[in-house]
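Below is one structure, written out as structure tokens; the observations come after it.
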Amino acid sequence: MRTVLISGGRGLVGRSLSKLLKQKGYIVYKLTRRPKKSSHIYWNPEKQTIESKHLSEVDVIINLAGSGIADKKWSSDRKTDLINSRINSIQFLKSVSEKMPKLKYFISASGINCYGYNGPHEKTENDPYGDDFLSVLVKDWELASSSFEDVCPVAKLRIAMVIDHKGGALKKLLRPVKLGVGSPLASGKQYVPWIHIDDLCRMFLYCIENDISGTYNAANGYITNRELMKTITKKMRKPFFFPAVPKSILNLLLGEMATMLTESLKVSNEKIRKIGFQFKYANFDSAITEIVKK
Ligand SMILES: NC(=O)c1ccc[n+]([C@@H]2O[C@H](COP(=O)([O-])OP(=O)(O)OC[C@H]3O[C@@H](n4cnc5c(N)ncnc54)[C@H](OP(=O)(O)O)[C@@H]3O)[C@@H](O)[C@H]2O)c1
């Protein structure tokens, strides 16, 4: 039986992932700044503190910690928080890894928004990083993860927009749809990479069980924003005739963060499929049907 430590494990991905890992027989502990259960281990990377209980049992670290990219407008203070909550927490984890003599594997969340936008072709893991804020953040985040390579193998999953009924970006997109005012954003022609929560959790498990190292795009596929909104409204039996929300309004409301909604990104998932991972959901329609059912 293997013991897994998930930093940021109380968040959206961590909750589903720990459920899957426990079903598969893993022992799961979560690092959190707000411990509520005996399986929670207190840490605070900012204050450089961590409870030492269970650390000596850890075989695998799954790093999910980081403040929400789309939670608030990107002021310069917010940008600092987005960077520090990811990079400093990995650096802190690395500094306490000597308390984990059994550690054999480190796998970290990373972001699909690392290639820049609007390129003509599907981005593969061999494509260079972009030079916008998110691309640079992901580059530094991945570099921090790589620091574990002198301890154990390291994998990084470049996660697309996670489709889950419990929260995240989809929940925000569903709000206007539920009110009957769902519409495309900006031109609606921009592509959005997405991944179903079950496939993302299965991918983490697949990497752990097959000792996979390296960097992988974690996306079932990509879909235009218009098609995404249209599919959601159809599944929820809501109207879809409102005019698109203009890009200028999104820029005004969200500032630089609007790029995540208005700019286009196509990514390839061939690399992970080539090493044997099989996605459960072949297209957005089947993924969203399952979510809406819940
Ligand atoms: N969900 C998506 O669509 C998506 C897409 C691409 C990448 N990702 C990445 O995947 C990871 C997990 O995503 P998620 O959706 O599960 O995120 P989430 O629900 O926001 O959870 C992230 C967790 O990180 C911890 N955290 C936040 N700020 C922190 C700080 N300053 N120091 C230490 N821990 C901090 C929090 O744990 P405590 O409050 O319990 O300490 C929180 O529960 C994140 O790094 C995210 O950027 C997610």
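- Annotation: Lys230, atom NZ; neighbour count of heavy atoms from other residues, nucleotides and ligands within 6.0 Å does not exceed 12.
- Looking at heavy atoms from C-beta onward, Ile208 lies in side-chain contact with Ile62 at the 4.5 angstrom threshold.
- The CD1 atom of Ile223 sits 5.0 Å away from atom CG of Leu228, with the distance rounded to the nearest 0.5 Å.
- The two atoms that bring Ala155 and Tyr105 nearest to each other are CB-OH, 3.3 Å, heavy atoms only.
- Other residues, nucleotides and ligands contribute more than 12 heavy atoms inside 6.0 Å of the NZ atom of Lys53.
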Original post:
Which is it for Lys235 and Thr289 under the side-chain hydrogen bond (donor to acceptor under 3.5 Å, both in side chains) test, yes or no, and what are the steps along the way?
Top reply: CA-CA 7 Å; Lys235 295 287 168 194; Thr289 302; 3.2 Å; yes
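- Annotation for Thr124 and Tyr115: closest pair O-CE2, 3.3 Å, computed over non-hydrogen atoms.
- When hydrophobic clusters are built by joining Ile, Leu, Val, Met, Phe, Trp and Tyr residues whose side-chain heavy atoms come closer than 4.5 Å, directly or via intermediates, Leu173 is not grouped with Leu179.
- Defined by atom type and a distance below 3.5 Å, a donor-acceptor pair is present between the side-chain atoms of Asn283 and Ser286.
- Screening Pro35, Ser39, Ser18 for a side chain to side chain contact (heavy atoms under 4.5 Å, CB included) with Lys30, the sole residue that qualifies is Ser18.
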**OP:** Applying side-chain hydrogen bond (donor to acceptor under 3.5 Å, both in side chains), run through Thr231 and Asp285 and close with a yes or a no.
**Re:** CA-CA 7 Å; Thr231 310; Asp285 197 284; 5.2 Å; no
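- One hydrophobic cluster, built from ILVMFWY side chains closer than 4.5 Å, cannot hold both Met100 and Tyr42; they sit in different ones.
- Within the 4.5 Å cutoff, side-chain heavy atoms of Val151 are placed close to those of Leu103.
- Among residues at least two apart or in separate chains, side-chain hydrogen bond (donor to acceptor under 3.5 Å, both in side chains) pairs with a member in residues 65-75 are Ser67-Asp81, Ser67-Ser85.
- In this structure the side chain of Tyr26 reaches within 4.5 angstrom of the side chain of Leu205, judged on heavy atoms.
- The aromatic rings of Phe284 and Trp194 lie perpendicular to each other, with more than 60° between the two planes, well past the 30° mark.
- Partner Tyr222 forms a side-chain hydrogen bond (donor to acceptor under 3.5 Å, both in side chains) with one of Lys266, Lys123, Glu122 and no other, that one being Glu122.
- Tyr29 and His54 have parallel rings, their planes meeting at less than 30° on a 0 to 90° scale where 60° marks the start of perpendicular.
- Note that the SG atom of Cys201 and the CG atom of Leu17 stand 4.5 Å from one another [nearest 0.5 Å].
- Of the possible donor and acceptor atoms, none in the side chain of Arg10 sits under 3.5 Å from a partner among the backbone N and O of Lys36.
- Taking the side chain as every heavy atom from C-beta outward, Phe92 and Ile50 approach each other to under 4.5 Å.
- Ring pair Tyr206/Phe277 is perpendicular by interplanar angle, where above 60° counts as perpendicular and below 30° as parallel.
- A distance of 7.0 Å separates CD1 in Ile197 from NZ in Lys166, rounded to the nearest 0.5 Å.
- Under the 4.5 Å side-chain heavy-atom criterion for ILVMFWY residues, a single connected hydrophobic cluster contains both Leu254 and Ile249.
- Pairing each heavy atom of Asn225 with each of Leu185, the nearest pair is OD1-N, 2.7 Å.
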Original post:
Taking it one step at a time, do Ile6 and Val13 satisfy side chain to side chain contact (heavy atoms under 4.5 Å, CB included)?
Top reply: CA-CA 10 Å; Ile6 311 182; Val13 176; over 6 Å; no
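- Checked by atom type and distance alone, the side chain of Lys238 never pairs as donor or acceptor with a backbone atom of Pro176 at under 3.5 Å.
- Ion pairing between Lys24 and Glu209 fails under the 4.0 Å rule for side-chain N and carboxylate O.
- With Asn88 contributing its side chain and Pro45 its backbone, the two residues share no donor-acceptor pair below 3.5 Å.
- Atom CD1 of Ile69 and atom CZ of Arg78 lie 8.0 Å apart (nearest 0.5 Å).
- The heavy-atom pair separating Arg202 from Leu20 by the smallest distance is N-CD2, 3.9 Å.
- The closest donor-acceptor contact from the side chain of Gln91 to the backbone of Ser89 lies at 3.5 Å or more, if one exists at all.
- Between the CG atom of Leu5 and the CG atom of Leu55 there is a distance of 6.5 Å, given to the nearest 0.5 Å.
- More than 12 heavy atoms of other residues, nucleotides or ligands sit less than 6.0 Å from atom CD of Glu51.
- Taking the charged nitrogens against the carboxylate oxygens, Lys234 and Glu227 have no contact shorter than 4.0 Å, which rules out a salt bridge.
- With a 6.0 Å radius and a threshold of 12 heavy atoms from other residues, nucleotides or ligands, Lys104 has its NZ atom above the threshold.
- At a threshold of 4.5 Å between non-hydrogen side-chain atoms, the residues Leu265 and Tyr191 do not count as touching.
- Nearest heavy-atom pair across Cys114 and Val138 is CB-CG1, 3.5 Å.
- Put simply, the side chain of Asn269 gets close to the backbone of Ala219: a donor and an acceptor are under 3.5 Å apart.
- The residue from Asn217, Leu134, Ile159 that alone fulfils the side chain to side chain contact (heavy atoms under 4.5 Å, CB included) condition with Ile112 is Asn217.
- Atoms OG1 and CZ, from Thr49 and Arg33 in turn, are 11.0 Å apart once rounded to the nearest 0.5 Å.
- The environment of CD in Glu256 is crowded: more than 12 heavy-atom neighbours from other residues, nucleotides or ligands sit within 6.0 Å.
- A heavy-atom distance below 4.5 Å is found between the side chains of Leu93 and Ile61.
- Nearest heavy-atom pair across Leu157 and Ala218 is CB-CB, 4.2 Å.
- Other residues, nucleotides and ligands place more than 12 heavy atoms under 6.0 Å from the CD atom of Gln23.
- Atom NZ of Lys79 sits in a crowded spot, with more than 12 heavy atoms from other residues, nucleotides or ligands closer than 6.0 Å.
- The number of heavy atoms from other shown groups lying within 6.0 Å of CG (Asp150) is above 12.
- Residues Val136 and Tyr129 form no side-chain contact, since every pair of their non-hydrogen atoms from C-beta on lies 4.5 Å or further apart.
- Between Thr262 and Tyr117, the closest side-chain pair of non-hydrogen atoms is not below 4.5 Å.
- Ile107 and Ile275 fall within the same hydrophobic cluster, where Ile, Leu, Val, Met, Phe, Trp and Tyr residues are linked whenever their side-chain heavy atoms come under 4.5 Å apart, directly or through other members.
- Under a hydrophobic-cluster definition in which Ile, Leu, Val, Met, Phe, Trp and Tyr are linked whenever side-chain heavy atoms come within less than 4.5 Å, directly or via other members, Val154 and Leu143 are assigned to different clusters.
- Screening Lys156, Arg86, Glu142 for a side-chain hydrogen bond (donor to acceptor under 3.5 Å, both in side chains) with Ser110, the sole residue that qualifies is Glu142.
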**OP:** Would you sort out whether Leu174 and His165 count as a side chain to side chain contact (heavy atoms under 4.5 Å, CB included), showing the intermediate values?
**Re:** CA-CA 9 Å; Leu174 284 180; His165 71 288; over 6 Å; no
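- Salt-bridge check for Arg158 with Glu125: failed, with every basic side-chain N at 4.0 Å or more from each acidic carboxylate O.
- Salt bridge annotation for Lys280-Asp199: absent, with no cationic side-chain nitrogen under 4.0 angstrom from a carboxylate oxygen.
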